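Reviewing the structure listed below.
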Number of protein chains: 2
Amino acid sequence: MPKPGPRLRLVDVAERAGVSLATASRALAGRDGVSAEVADRVRQVSRELGYVANPYARTLAGGASPTVGLIVHQIDDPYFSEIAGGVIQVAGEQGLLVQICHSGRNPEHELRQVRHLIAQRVGIILIAGSGYTDPAVEAEARRELSAFQDLGGRVAAIGRHHLGVDAVLPDNEAGGRALGEHLLSLGHRRIAIASAAGGLTTVEDRLAGVDAALRRHGRALTDLPVVRTEFTRDGGRVAAERILRDHPETTAILALNDSMAIGVLATLRAHRIAVPERISVVGFNDVSVAADLAPSLTTVRLPMTEMGRMALDLALKPRSKRPRRRSTGHTLVVRDSTGPAPAG
Amino acid sequence: MPKPGPRLRLVDVAERAGVSLATASRALAGRDGVSAEVADRVRQVSRELGYVANPYARTLAGGASPTVGLIVHQIDDPYFSEIAGGVIQVAGEQGLLVQICHSGRNPEHELRQVRHLIAQRVGIILIAGSGYTDPAVEAEARRELSAFQDLGGRVAAIGRHHLGVDAVLPDNEAGGRALGEHLLSLGHRRIAIASAAGGLTTVEDRLAGVDAALRRHGRALTDLPVVRTEFTRDGGRVAAERILRDHPETTAILALNDSMAIGVLATLRAHRIAVPERISVVGFNDVSVAADLAPSLTTVRLPMTEMGRMALDLALKPRSKRPRRRSTGHTLVVRDSTGPAPAG
DNA sequence: TTAGGGTACGTAAGCGCTTTCGCAAGCGCT
DNA sequence: AGCGCTTGCGAAAGCGCTTACGTACCCTAA
């Protein structure tokens, strides 16, 4: 494995600017104790020479760690890759590095990644994805992250609020409600839900929203079949098959995310079931292909890129005593996958 | 910005194992000059204590840099996110960290990212995406990368072979040929091509393949309209509009990647043009949604995840004097977006 | 027996940076 | 003029690691 090569060092800059190493360091870090003109000169020289600080030396010496660790379930899931896009964008602007690792939808593996990132001395940890189902693992993660924060680390969660840390949260409940209202207003009564496993923040909140909508119409979530598989296209396929088998009278399938909805659509197509004429389908998130599917998908748009940006912004802000919440807007995007409930 | 906190250090492990710092270091690095039993003891203690070396200190001291920089156009493009998935997978197995940055389809920006990664002292640089169109920028990048390699850095390219470095290359030419043959064998003669800008390896190779197929039928690429936009869904939309306007007799649109094909399909749908009855559509790459589109997309499958894996593997291998090439297989995947050319 | 050579380990010198500390110069005040 | 104070800067001590270099020790050969 390779070694980094000899490069421009801070001493070189300092020498060229006619100041000491310490002064150069202070000048570039924006610390005070340096006169404005000297600071300007150093910055000028640094720019001319194209100096970039060695992040390893910097971190080792007790400076800020310039790297942010981002934990996602799987980077090739569009939901996460869009979030990552936002994080990378902000990081680029700030001169930070983004390290991405996979939790693979596995709480214990995620915990391992958290530990690894901490051991690797990243400065900031961003965790995207649904929360823990295992309270023991959850508690352990909370403990690790809290210790990390006590040592000056920054943490933010994206789309979950289990960890006792700052979080960027879409209003899943309101989104779920909007979808529920939309289907009900189209006359759908036999709605089936394609959901991921229980215990996840995302899932429970969205379901709560659907429930709220139902209750306004004198019904409740408990009246509806909720099929629990996974937040993937395959999960959607499996859920759809099960719904068609066990609840053939269904006129609308509410998938709790777009990946599942895509799987549902594919399955309905395979069964030659017309969407939305026979069955309407809705998703959640509005991943970018949603608009280009056939039929295009009615869904709730979450600003995923923006969520990534916000999360890093949040983590970059000075820490507050209590965990902060930033909520993001959501928009019901009505497209071609929903229509009036079939008569009868 | 946060500081990394005090953690378990190598001295702690060394003390606990009753050896000196140097010996502990050697033992964990697998260097010789340490008796087997001592080495075992150190490794044992290290494992018990959960020791993870501080990568900053390690790199600074002249050890291997544990981080690999991956440059992609945009992480939320499925082609790149699947590649990234492969890289992250291998990196995870090897205990390496992956830093992702965006080139934004801009050669100069990509060059800047290369410089930045080098300045950040990453050990390995992986570059995905199409090559340079500007020879000056290309030459400059080549120079930087070559200097980086001379200092012990490792580099591999994914899906391009411009840079004079090791590369993982899908057989774009054969893939293009397969698509061409497929359309021709279905009787299509009025084929239009939705392409990205010229000068990119990917583009030229795929086009060359199409040309080869055409020539076997006594025709040539130059007979066909080639519309050049961008490798994105929007690019596909624009290309399709232009094709419909300027070449209404077209019976098949060959898009040079799936994103474009998705845009093409969306546009045809908007124009209520039946696919594949009136116009057949093919893409390239087989991103995962391709199978779930309606109609599902005929395309050439590239093993993107595998390409990411291979690239990192390649970079991890000892460097050879001449740039190595690894080619990947490709498979024509015939789905519902292609059918016989309409009569007449 | 002793010189020579290998082996196993410890000592210590850095890697490039941040930061504490100390010193000199400049200021206002008595 | 003398005192303390602030301000601007340099010297030097590490951060945790790798890696020469040095030094015991043991083995073999003469």
Side-chain angles (χ1 to χ4, degrees), chain A residues 1-42 46 49 51-67 95 118-123 151-152, chain B residues 1-42 46 49 51-67 95 118-123 151-152:
Chain A
M1 247 178 309
K3 309 180 179 192
R7 313 267 318 166
L8 200 61
R9 291 157 311 158
L10 184 53
V11 255
D12 303 325
V13 175
E15 239 166 55
R16 198 90 143 54
V19 297
S20 79
L21 178 60
T23 303
S25 169
R26 278 186 287 249
L28 293 182
R31 292 242 177 312
D32 44 37
V34 187
S35 66
E37 55 179 333
V38 169
D40 277 349
R41 183 150 36 96
V42 173
S46 153
L49 266 47
Y51 170 73
V52 178
N54 182 325
Y56 300 101
R58 175 186 292 224
T59 308
L60 187 58
S65 165
T67 110
I118 293 176
Q120 297 288 355
R121 277 77 172 175
V122 300
L151 294 171
Chain B
M1 248 176 307
K3 310 180 177 191
R7 313 269 316 168
L8 201 60
R9 291 157 310 159
L10 184 52
V11 254
D12 303 325
V13 175
E15 242 166 54
R16 197 88 143 55
V19 299
S20 80
L21 179 59
T23 303
S25 170
R26 279 186 287 250
L28 293 182
R31 294 241 178 309
D32 45 37
V34 187
S35 67
E37 55 179 335
V38 169
D40 277 349
R41 182 149 38 96
V42 173
S46 153
L49 267 47
Y51 171 74
V52 178
N54 181 326
Y56 300 100
R58 175 188 292 228
T59 309
L60 188 58
S65 166
T67 109
I118 294 176
Q120 299 287 355
R121 276 76 171 177
V122 301
L151 294 171

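Remember, it's a predicted structure, so these values are computed and weren't measured experimentally. Quick note on labels: first sequence line is chain A, next is B, and so on, each numbered from 1.
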Which is more 5' along DNA chain C, the nucleotide nearest B:Arg41 or the one nearest B:Ala61? Just name the residue.
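First, find each residue's nearest nucleotide; the 5'-ward one identifies B:Arg41.
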Below 4.5 Å, heavy atoms only, C-beta onward: do [X] and [Y] meet side chain to side chain?
{"X": "A:Gln120", "Y": "A:Thr67", "answer": "no"}
{"X": "B:Leu28", "Y": "B:Leu10", "answer": "yes"}
{"X": "B:Asn54", "Y": "B:Arg9", "answer": "no"}

Which of residues 17-26 of chain A sit near DNA chain C, with a heavy atom under 4.0 Å from it?
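Under 4.0 Å from DNA chain C: A:Leu21, A:Ala22, A:Ser25, A:Arg26.
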Test your reading of the model: is there a side-chain donor-acceptor pair from A:Arg58 to the backbone of A:Tyr56, 3.5 Å cut-off?
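No, A:Arg58 side chain to A:Tyr56 backbone: no donor-acceptor pair under 3.5 Å.
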Tell me if a side-chain donor or acceptor on A:Thr59 pairs with a main-chain N or O of A:Ser65 at a distance below 3.5 Å.
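Checking the backbone N and O of A:Ser65 against the side chain of A:Thr59, no donor-acceptor pair under 3.5 Å is found.
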Find the bend of the helix from C:dT1-D:dA30 to C:dT30-D:dA1 as the angle between its two terminal axes (five pairs each), to the nearest 10°.
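Comparing the axis at each end, I get an angle of 50°.
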Which nucleotide, D:dC9, C:dC17, D:dC15, lies nearest any side-chain atom of A:Leu60?
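Selected nucleotide (nearest to the side chain): D:dC15.
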Let's see if you can work this out: which of C:dG16, D:dT18, C:dC9 has an atom nearest to the side-chain heavy atoms of B:Val34?
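So the nucleotide nearest the side chain must be C:dC9.
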Presence of B:Tyr51 side-chain N/O under 4.0 Å of D:dC17 phosphate oxygens OP1/OP2:
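Answer yes for this pair, as a side-chain N or O of B:Tyr51 is under 4.0 Å from OP1 or OP2.
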Contact under 4.0 Å: A:Thr59 side-chain N or O vs D:dC15 OP1/OP2:
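For A:Thr59, the contact criterion (side-chain N or O under 4.0 Å from OP1 or OP2 of D:dC15) is not met.
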Per the salt bridge (Lys or Arg N to Asp or Glu O under 4.0 Å) rule, what does the pair list look like for residues 16-37 of chain B, sequence neighbours excluded?
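As it turns out, there is no salt bridge (Lys or Arg N to Asp or Glu O under 4.0 Å) pair with a partner in residues 16-37 of chain B once direct neighbours are skipped.
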